[in-house]
Protein chains: 2
Amino acid sequence: MTPTPPVSELTTHLGFWLRMVSNHVSHAFAARLADKGVTVAEWSLMRALYDREPTPPSRLADAMGLTRGAVTKLADRLIGKALLARRPSEADGRAQTLALTAAGVALVPELAALADRNDAAFFDLLTAEERQTLRDLLMRMVERGRMTTPPLD
Amino acid sequence: MTPTPPVSELTTHLGFWLRMVSNHVSHAFAARLADKGVTVAEWSLMRALYDREPTPPSRLADAMGLTRGAVTKLADRLIGKALLARRPSEADGRAQTLALTAAGVALVPELAALADRNDAAFFDLLTAEERQTLRDLLMRMVERGRMTTPPLD
DNA sequence: TCGAGATAGTTTCCTTGTCAATTAAAGGAG
DNA sequence: CTCCTTTAATTGACAAGGAAACTATCTCGA
């Protein structure tokens, strides 16, 4: 009967708490978006395209940290909802471009308001000063760890 | 040609930065675990069962914030890898119990070491003081927002 | 004690992502 | 110019979780 070696608790890891809070925030946001018939990934793509020129899927994939296959399917879903349009590129016969439809453009501000409210609902749990500290710490980590996603522009 | 109404940048949301960092940490951890042939969810279940009595899937589902269906399938996968065993409960004819196999028990400390290293690799980007501040802020949010998962014991 | 309802797990279907294979079009070396 | 290689996007197979239907068992009230 060999005793089990000691193993550190999950709660000792900062990553554990980070994931717990992040998951709660994201999940709550997903629930709000669901009322509008949109998922978080769909919102993310729509926001990326808002007030931008038609953009090829490959650029969006890079910017969003998804594979091209994922963007293809995401785009298919949004096209099915008439929020997005796909058109062949004029310059390059292989390429496509994605752009929001008028309905898509119109929806983005609504969704953005939901995003604002969701963020507020959670981070109002902290004081203004605490929020600023949290923001600084997270941005410091992103910077020092080079956790960047290529920007669209 | 109506101009697009102003929409707040994603980067204004603390949730955005939280998710970015959390995703990086989790993804890097997943990559480390993959070398051992285990996923993050699998590790999570194994850790929950380590040095504990055989436990019913329902308790694990509650503790891990998963549905019972998800635990069933997770367990199936781990059983396929001979890291977990499922046995009918003696007390209740409906119930099952899950417990790590000897191989599973032996693997946990290895995986825990990976978890420790991964957490360190990321959060060493901060000073000890910054880490403590981050931990305090996250735990404060969990507390104030009641973002709890039922503990196993 | 027996029938109704609650409970434990599993299974099925759906969603959404990755990875690998595939198709089509560019682009460059000879 | 003609291959050969690279690049863009899509497609198909698979992974992993949620929701709800389903099965088996338990429990309690009359």
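Chain letters run A, B, ... following the sequence lines, proteins first, then strands; residues in each count from 1.
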Which residues pass the salt bridge (Lys or Arg N to Asp or Glu O under 4.0 Å) test with A:Arg117, sequence neighbours left out?
->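 Counting only residues at least two positions away or on another chain, A:Arg117 forms no salt bridge (Lys or Arg N to Asp or Glu O under 4.0 Å).
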
Would you please name every residue forming a salt bridge (Lys or Arg N to Asp or Glu O under 4.0 Å) with B:Glu9, sequence neighbours left out?
-> A:Arg47

[N] [atom2] sits how many Å from [X] [atom1], rounded?
| X | N | atom1 | atom2 | result |
| --- | --- | --- | --- | --- |
| B:Leu45 | D:dG17 | CG | C1' | 14 Å |
| A:Arg86 | D:dA8 | CZ | P | 16 Å |
| B:Trp43 | D:dA16 | CH2 | P | 17 Å |
| B:Asp76 | D:dC14 | CG | P | 18 Å |
| B:Gln96 | D:dC26 | CD | P | 12 Å |
| B:Leu33 | D:dA16 | CG | P | 12 Å |
| A:Leu98 | D:dA8 | CG | C1' | 12 Å |

Sequence neighbours excluded - salt bridge (Lys or Arg N to Asp or Glu O under 4.0 Å) pairs with any residue from residues 20-38 of chain B =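 Checked against salt bridge (Lys or Arg N to Asp or Glu O under 4.0 Å) - neighbours excluded - the pairs reaching residues 20-38 of chain B are B:Lys36-B:Glu110.
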
Check nucleotides 22-29 of chain C against the protein and report each pair of N or O atoms closer than 3.5 Å, with its distance, or say if there are none.
{"residue": "C:dA26", "atom": "OP1", "partner": "A:Gly93", "partner atom": "N", "Å": "2.4"}

Flag side-chain contact, heavy atom, 4.5 Å: [X] against [Y]:
| X | Y | result |
| --- | --- | --- |
| B:Met64 | B:Leu45 | yes |
| B:Leu98 | B:Val71 | yes |
| B:Gln132 | B:Asp136 | yes |

I would like to know whether B:Leu111 and B:Tyr50 meet side chain to side chain contact (heavy atoms under 4.5 Å, CB included); could you show each step before the answer?
-> CA-CA 12 Å; B:Leu111 303 179; B:Tyr50 187 70; over 6 Å; no

Considering only nitrogen or oxygen atoms on both sides, find all protein atoms under 3.5 Å from nucleotides 14-18 of chain C and state each distance.
{"residue": "C:dG17", "atom": "OP2", "partner": "A:Arg77", "partner atom": "NH1", "Å": "3.3"}
{"residue": "C:dG17", "atom": "OP2", "partner": "A:Arg77", "partner atom": "NH2", "Å": "2.9"}
{"residue": "C:dT18", "atom": "OP2", "partner": "A:Thr67", "partner atom": "N", "Å": "3.4"}
{"residue": "C:dT18", "atom": "OP2", "partner": "A:Thr67", "partner atom": "OG1", "Å": "2.9"}
{"residue": "C:dT18", "atom": "O4", "partner": "A:Lys73", "partner atom": "NZ", "Å": "2.4"}

Nearest to the side chain of B:Thr72, which nucleotide is it out of C:dT11, D:dA8, D:dT11?
-> C:dT11

For residues 56-78 of chain A, the side-chain hydrogen bond (donor to acceptor under 3.5 Å, both in side chains) pairs (sequence neighbours left out) are A:Asp76-A:Arg86

Assess the side chains of A:Asn118 and B:His13: does a donor N or O sit below 3.5 Å from an acceptor N or O?
-> no

